[in-house]
Protein chains: 2
Amino acid sequence: MGSPSTAARVSAPRRHRAVPAAATRFDRRLAEILTHATEVFRKKGYEGASMRDLSRASGMSLAGLYYYFESKERLLFLIQKHTFTTIVQRLKARLEGVSDPETQIRIFILNHLEYFLANPASMKVLSHEAEALKNGFASEVAAIKREYYRICVGLLDDLKRARGLQFSTRIAVLSLFGMMNWIYTWHNSRVDADAEQLAGEMSDIFLRGVMTGAKGRR
Amino acid sequence: MGSPSTAARVSAPRRHRAVPAAATRFDRRLAEILTHATEVFRKKGYEGASMRDLSRASGMSLAGLYYYFESKERLLFLIQKHTFTTIVQRLKARLEGVSDPETQIRIFILNHLEYFLANPASMKVLSHEAEALKNGFASEVAAIKREYYRICVGLLDDLKRARGLQFSTRIAVLSLFGMMNWIYTWHNSRVDADAEQLAGEMSDIFLRGVMTGAKGRR
DNA sequence: ACTAAGTTCGAACGAACGTTCGAATCACTT
DNA sequence: AAGTGATTCGAACGTTCGTTCGAACTTAGT
């Protein structure tokens with residue numbers, strides 16, 4: 001975690017060392033806090049979690065937290081933005097060089113579920129607290145979400161074209177997101193399969209569902 | 001709305017007229033409050049909504065609300081229980097006399113989506129606030145959820161048997177629930193199709209997905 | 001018209017909320 | 001060892017929270 005570090009309070013700690021070795025002390029500590037906060041938000045929800053809960057979980061005083069971010073809302077924003085940015089970035093890397101639409105969609109699903117099961121708290125907070133942010137914070141996350149959505153629409157439209165299929169891309173994409181995101185309500189790592197197998201099963205259901213029957217008329 | 005009316009405060013108003021004409025004044029007023037509260041919970045979330053918000057929305061004083069229910073948590077419980085009970089009850093009525101597994105599953109999906117789109121606030125509160133209740137309240141709603149889940153598992157197992165299919169029932173059912181319940185995050189009545197058409201498209205994706213390929217080995 | 005139960009409300013309770021502030025402590029450089 | 005900026009914290013701020021209480025009002029049976 002830890003985006004390139006933005007000013008925290010009135011006097012921003014200067015970021016010396018522009019390139020090398022990655023994180024400053026400030027960024028590392030912020031990332032720790034974000035990790036603990038994510039776990040608390042997962043357990044109690046954004047509204048249900050108090051700053052005192054976050055203080056306890058991260059082992060830092062209530063006032064101390066405000067040295068790292070200026071409000072509870074901005075903290076949620078940092079979590080959501082980092083999570084969403086990372087998943088999109090990994091997806092792009094994985095899609096590079098792949099051209100078959102079906103394979104691309106399988107990669108999309110695998111990427112999503114792998115990240116989901118590797119970071120269940122972050123992904124629950126991203127999925128379940130989607131309406132908690134307001135105004136500027138909300139629209140910045142919404143922009144990433146729209147990009148992610150559009151990528152998936154693109155892949156499905158490619159598939160339709162390549163195979164001459166006919167179905168509503170919108171319904172298909174949103175159904176797929178539903179299948180994938182709902183996982184946070186039921187997945188149990190002691191019972192359920194790992195990401196690869198889960199992605200395989202969901203990909204099978206979805207792709208067969210969308211590719212069987214209903215060829216386009218022309 | 002309005003379950004058979006349980007005692008509200010210290011001295012329970014007596015329910016005269018055991019059978020006829022349905023609702024007492026108490027029950028009718030409670031149902032009105034529940035409707036307004038559902039809308040507020042939908043908009044602000046359970047934790048985010050204050051009793052003062054509910055008071056404003058229902059046009060009743062803050063103190064007045066407590067004549068009808070003893071806590072905010074019980075209010076959410078009443079909403080979730082009524083919603084879930086109703087949807088299960090309607091499903092059972094619709095499944096009666098139908099024996100073909102595929103048709104039954106299509107009915108299951110149609111019933112779910114029709115209720116979802118006809119009562120979007122109730123269904124969002126049911127889906128999104130599933131973890132908000134504690135202890136006794138939580139387990140009573142969980143029991144209904146389990147029954148609903150088991151019905152769907154039964155239908156899918158019937159389908160598997162009838163067609164000699166092979167897939168994980170658990171993953172299939174939970175994927176289906178994901179597709180259906182995720183709707184509250186995206187459905188826009190000015191853009192999207194009605195319940196019947198939506199149910200048709202989702203049923204097609206899901207049933208083809210689950211019925212195509214992968215016949216069992218024996 | 002009287003009564004008794006059903007219904008509503010203003011005002012207040014203590015607790016918990018997010019946030020702020022100035023002082024104390026820490027980690028470095030010199 | 002002194003000095004400087006980065007980091008941490010106890011204590012408090014004003015606000016809002018869920019809930020309670022007793023008094024008032026309304027409704028309906030007689």
Side-chain angles (χ1 to χ4, degrees), chain A residues 2 5-17 23-34 36-37 40-41 44-78 129 132-134 137, chain B residues 2 5-17 21 23-33 36-37 40-41 44-78 129 132-134 137:
Chain A
S5 87
T6 338
R9 281 164 63 80
V10 179
S11 70
R14 299 186 223 101
R15 295 290 80 78
H16 29 232
R17 284 195 279 158
T24 63
R25 192 167 117 86
F26 179 91
D27 288 325
R28 266 181 279 117
R29 195 83 178 89
L30 174 58
E32 280 178 31
I33 295 172
L34 255 49
H36 289 118
V40 175
F41 284 157
K44 317 188 88 171
Y46 171 71
E47 296 279 2
S50 71
M51 289 299 296
R52 284 157 184 86
D53 291 329
L54 304 179
S55 160
R56 209 172 304 118
S58 55
M60 174 172 284
S61 74
L62 187 53
L65 293 175
Y66 282 87
Y67 178 70
Y68 289 94
F69 46 88
E70 65 223 43
S71 68
K72 188 187 171 192
E73 192 184 6
R74 177 160 174 93
L75 175 57
L76 176 61
F77 167 75
L78 290 176
E129 309 296 347
L133 296 177
K134 299 188 291 196
F137 288 146
Chain B
S5 86
T6 336
R9 281 165 65 81
V10 179
S11 69
R14 299 188 221 102
R15 294 288 83 74
H16 29 233
R17 286 197 277 161
T24 62
R25 192 166 118 87
F26 180 91
D27 288 324
R28 265 180 278 116
R29 196 82 178 90
L30 174 58
E32 280 176 32
I33 295 172
H36 288 118
V40 176
F41 284 155
K44 317 189 88 172
Y46 171 71
E47 296 279 0
S50 71
M51 289 298 297
R52 283 157 185 85
D53 290 330
L54 304 179
S55 159
R56 210 173 303 116
S58 56
M60 174 172 283
S61 74
L62 186 53
L65 292 175
Y66 282 87
Y67 179 70
Y68 289 95
F69 46 87
E70 64 222 45
S71 69
K72 189 188 172 191
E73 193 185 7
R74 177 161 173 92
L75 175 57
L76 175 61
F77 168 74
L78 291 175
E129 309 295 348
L133 295 177
K134 300 187 290 194
F137 288 146

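Chain naming here is simple, since letters A, B, ... match the order of the sequence lines and numbering starts at 1 in each.
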What residues form a side chain to side chain contact (heavy atoms under 4.5 Å, CB included) with B/Glu47, not counting sequence neighbours? A/Glu47
Protein-nucleotide distance (A/Lys134, atom NZ; C/dG18, atom P), rounded to Å: 13 Å
Looking only at heavy atoms, the pair that brings A/Leu75 and A/Phe69 closest together is CD2-CZ, 3.6 Å
For the pair made of OH in B/Tyr67 and P in D/dG22, what is the distance, rounded to whole Å? 17 Å
Could you tell me the separation between the CZ atom of B/Phe26 and the C1' atom of D/dT26, rounded to a whole number of Å? 16 Å
Sidechain-backbone polar pair: B/Lys134 side chain, B/Glu73 backbone, donor-acceptor under 3.5 Å: no
On DNA chain D, more 5' by nearest nucleotide between A/Arg29 and B/Tyr46 is A/Arg29
How far apart are the C-alpha atoms of B/Leu54 and B/Met51, what are their side-chain angles, what is the distance that settles it, and do they pass the side chain to side chain contact (heavy atoms under 4.5 Å, CB included) test? CA-CA 5 Å; B/Leu54 304 179; B/Met51 289 298 297; 3.9 Å; yes
Here the pair of heavy atoms bringing B/Met60 nearest to B/Ser55 is O-OG, 2.6 Å
Between A/Lys72 and A/Phe41, is the side chain to side chain contact (heavy atoms under 4.5 Å, CB included) condition met? List the steps. CA-CA 11 Å; A/Lys72 188 187 171 192; A/Phe41 284 157; 4.3 Å; yes
d(OH, B/Tyr68; P, D/dT19) in whole Å: 18 Å
When you measure from the side chain of B/Lys44 to the backbone of B/Ser50, do you find a donor-acceptor pair of N or O atoms at a distance under 3.5 Å? no
If I take atom CD1 in residue B/Ile33 and atom P in nucleotide C/dT8, what distance separates them, rounded to the nearest angstrom? 7 Å
In terms of side-chain heavy atoms of A/Tyr66, which of D/dC9, C/dG18, D/dT7 is nearest? C/dG18
If I compare all heavy atoms of A/Glu129 with all of A/Tyr46, which pair ends up nearest, and what's the gap? OE2-N, 3.1 Å
For A/Arg56, check salt bridge (Lys or Arg N to Asp or Glu O under 4.0 Å) against everything at least two apart and list the hits. A/Asp53
Kindly compute the distance separating CZ (B/Phe137) from OG (B/Ser71), expressed to the nearest 0.5 Å. 5.0 Å
Expressed in angstrom and rounded to an integer, what is the separation of B/Leu65 atom CG from C/dG10 atom P? 12 Å
In whole Å, what is the span from the CZ atom of B/Arg74 to the C1' atom of D/dG18? 17 Å
I'd like a list of close polar pairs between nucleotides 26-30 of chain C and the protein, N/O only, cut-off under 3.5 Å.
none

Protein-nucleic acid N or O pairs under 3.5 Å, nucleotides 11-17 of chain C:
none

Take atom CE of A/Met60 and atom P of C/dT19, then tell me their distance rounded to the nearest Å. 16 Å
Work out how much the helix from C/dA1-D/dT30 to C/dT30-D/dA1 bends between its end axes, five pairs an end, to the nearest 10 degrees. 10°
List in chain and number order the residues that pass side chain to side chain contact (heavy atoms under 4.5 Å, CB included) with B/Ser61, two or more places apart in sequence or in another chain; answer none if no residue qualifies. B/Ala63
